[in-house]
Novice: 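Here's a structure for you.
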2 protein chains.
Amino acid sequence: MSDDGAGGRKPRADVVRNRAIILQTAQQHFQLHGVGTSLEAVAKDAGVGPATLYRHFPTREALLAGVLQLRSEELLVRQSQIAAVADADEALKQWMRALEDYFSTYSGLPEPLMVAAREREPGNPLTLPCEELIRTTEHYLTEAQRAGQVEDWVKGYDLFLAANSMAWIKSTGAGDETSLPGLRKMIENGYRRP
Amino acid sequence: MSDDGAGGRKPRADVVRNRAIILQTAQQHFQLHGVGTSLEAVAKDAGVGPATLYRHFPTREALLAGVLQLRSEELLVRQSQIAAVADADEALKQWMRALEDYFSTYSGLPEPLMVAAREREPGNPLTLPCEELIRTTEHYLTEAQRAGQVEDWVKGYDLFLAANSMAWIKSTGAGDETSLPGLRKMIENGYRRP
DNA sequence: ACCTGAACACCGTTCAAGT
DNA sequence: ACCTGAACACCGTTCAAGT
């Protein structure tokens with residue numbers, strides 16, 4: 001499960017400290033300047049050389065995946081809240097909002113997630129979290145379909161794309177307070193059984 | 001109407017030639033490498049210095065707007081084809097596809113268009129074409145609403161965002177042959193009157 | 001008035017040298 | 001084994017010098 005070190009027993013103290021400070025700093029920079037922020041600035045702000053950052057996280061996606069892992073707990077909290085919802089259609093709706101919020105955590109996050117969702121190759125570190133999100137979406141979707149509240153032709157992947165698109169619209173700044181609900185209404189009316 | 005020169009009478013021959021070759025080269029590079037392509041490479045390939053490109057098109061958006069103007073004729077062709085469609089709902093549907101195709105001409109085009117659609121300021125050269133597209137969308141929408149085929153709460157801007165999102169999904173590579181029609185179906189079912 | 005190419009700043013990525 | 005900072009390559013943007 002550990003993605004650092006060469007399989008040895010005891011990871012050196014400075015290594016785990018560096019990894020932690022890099023992740024923490026990256027999280028702040030992503031929050032402030034979006035996922036396209038300068039990695040050089042992250043390294044400098046974390047007090048490490050650029051090569052150290054690259055050793056820990058070979059690609060920007062790897063760093064992003066590491067940061068997102070810190071945020072995954074919040075999603076579990078949302079899921080436990082949704083578990084208390086009796087109506088399957090309402091549960092699906094709330095999960096869609098949770099997805100949308102999750103995708104909106106950092107500016108520019110939707111794009112790499114979309115790319116990772118396409119290429120199912122394990123080379124991309126974002127593929128795994130994406131697949132998990134799609135699986136969860138399929139779960140809520142199936143429940144709603146079993147209750148006869150959602151059309152049978154709807155797929156979990158479609159809803160994943162839809163939620164991601166909503167976050168992207170928010171990310172670009174388009175989509176004011178009136179247009180976003182309008183879009184949501186269109187999507188919801190589109191998949192719900194009349 | 002002319003956006004080049006200092007309002008003088010006769011633009012110099014090399015100026016118009018440079019502008020033409022820059023636009024043509026940029027069009028090819030956008031097509032091959034997306035709208036985020038290297039402007040330096042465009043200038044070099046066009047046989048001009050980088051400063052010449054900047055003089056003609058001070059921002060990447062200005063260059064993009066110039067290139068898109070070349071493509072605007074195709075959109076007019078689509079409109080004339082749609083004019084032959086009797087059913088207002090079908091006309092709207094076809095216009096949505098035309099929009100989606102237009103947004104898909106270059107990889108990465110949806111994003112700057114979204115930004116331009118938000119900031120209505122005339123500083124962004126893409127604002128004008130965006131507003132025109134939204135106006136046209138409102139036209140087809142109003143017709144369909146007048147025919148009682150589309151919900152009253154739907155707005156032209158919402159459909160503009162939806163078509164742009166579809167193009168964005170295509171642009172990222174996600175959205176295979178099954179998921180894109182699924183999303184379209186969701187959106188169409190969402191705004192159509194049952 | 002316009003063009004040119006050099007110059008500057010910034011960033012991603014890698015490598016030789018340290019500990 | 002890991003870290004460091006210098007080094008390289010690339011690109012956007014501007015400026016002094018040309019015509």
Novice: If only atom types and distance count, is the side chain of Gln145(B) paired as donor or acceptor with the main-chain N or O of Glu151(B) below 3.5 Å?
Specialist: yes
Novice: Testing His29(A), Gln27(A), Gln28(A), His33(A) for side chain to side chain donor-acceptor pair (under 3.5 Å) with Gln31(A), which one passes?
Specialist: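 Exactly one option meets the side chain to side chain donor-acceptor pair (under 3.5 Å) with Gln31(A), and it is Gln27(A).
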Novice: Just the rounded figure in Å: distance from P of dC2(C) to CD1 of Ile22(B).
Specialist: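 So the two atoms are 13 Å apart, to the nearest Å.
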Novice: Could you check whether Gln149(B) and Asp87(B), counting side-chain N and O atoms only, form a donor-acceptor pair closer than 3.5 Å?
Specialist: yes
Novice: How long is the line joining NZ of Lys44(B) and P of dA6(C), in whole Å?
Specialist: 11 Å
Novice: Summarise protein proximity over nucleotides 7-19 of chain D in one line of letters, 5' to 3': B for base, S for sugar-phosphate only, - for none, counting protein heavy atoms closer than 4.0 Å.
Specialist: ----BSBBB----
Novice: Using a cut-off of less than 4.0 Å, is there contact between a side-chain N or O of Asn18(B) and OP1 or OP2 of dC3(C)?
Specialist: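 Affirmative; the distance criterion is met.
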Novice: Rounded to whole angstrom units, what separation is found between the CZ atom of Arg55(B) and the C1' atom of dG5(C)?
Specialist: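 The distance from CZ of Arg55(B) to C1' of dG5(C) comes to 15 Å, rounded to the nearest Å.
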Novice: Quick test of your reading of the model: are Lys185(B) and Asp158(A) salt-bridged, counting only N-O distances below 4.0 Å?
Specialist: no
Novice: Please determine if a side-chain N or O atom of His56(B) lies less than 4.0 Å away from the OP1 or OP2 oxygen of dC2(C).
Specialist: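 Checking dC2(C) against His56(B), no side-chain N or O comes under 4.0 Å of OP1 or OP2.
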Novice: Can you tell me the Watson-Crick or wobble partner of dC10(C), both distances under 3.5 angstrom?
Specialist: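 Base-paired to nothing in any strand shown.
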Novice: Suppose we define a pair by two distances each less than 3.5 Å, Watson-Crick or G-U wobble; what does dA16(C) pair with here?
Specialist: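 WC or wobble partner is dT4(D).
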Novice: Please work out whether the ring planes of Phe160(A) and Phe103(A) are parallel, tilted or perpendicular, with thresholds of 30° and 60°.
Specialist: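 Correct class here is perpendicular.
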Novice: Of the options Thr105(B), Val42(B), Thr25(B), Leu64(B), which is the one that meets Phe30(B) in a side-chain contact (heavy atoms from CB on, under 4.5 Å)?
Specialist: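 So, applying the side-chain contact (heavy atoms from CB on, under 4.5 Å) to Phe30(B) and each of Thr105(B), Val42(B), Thr25(B), Leu64(B), only Leu64(B) qualifies.
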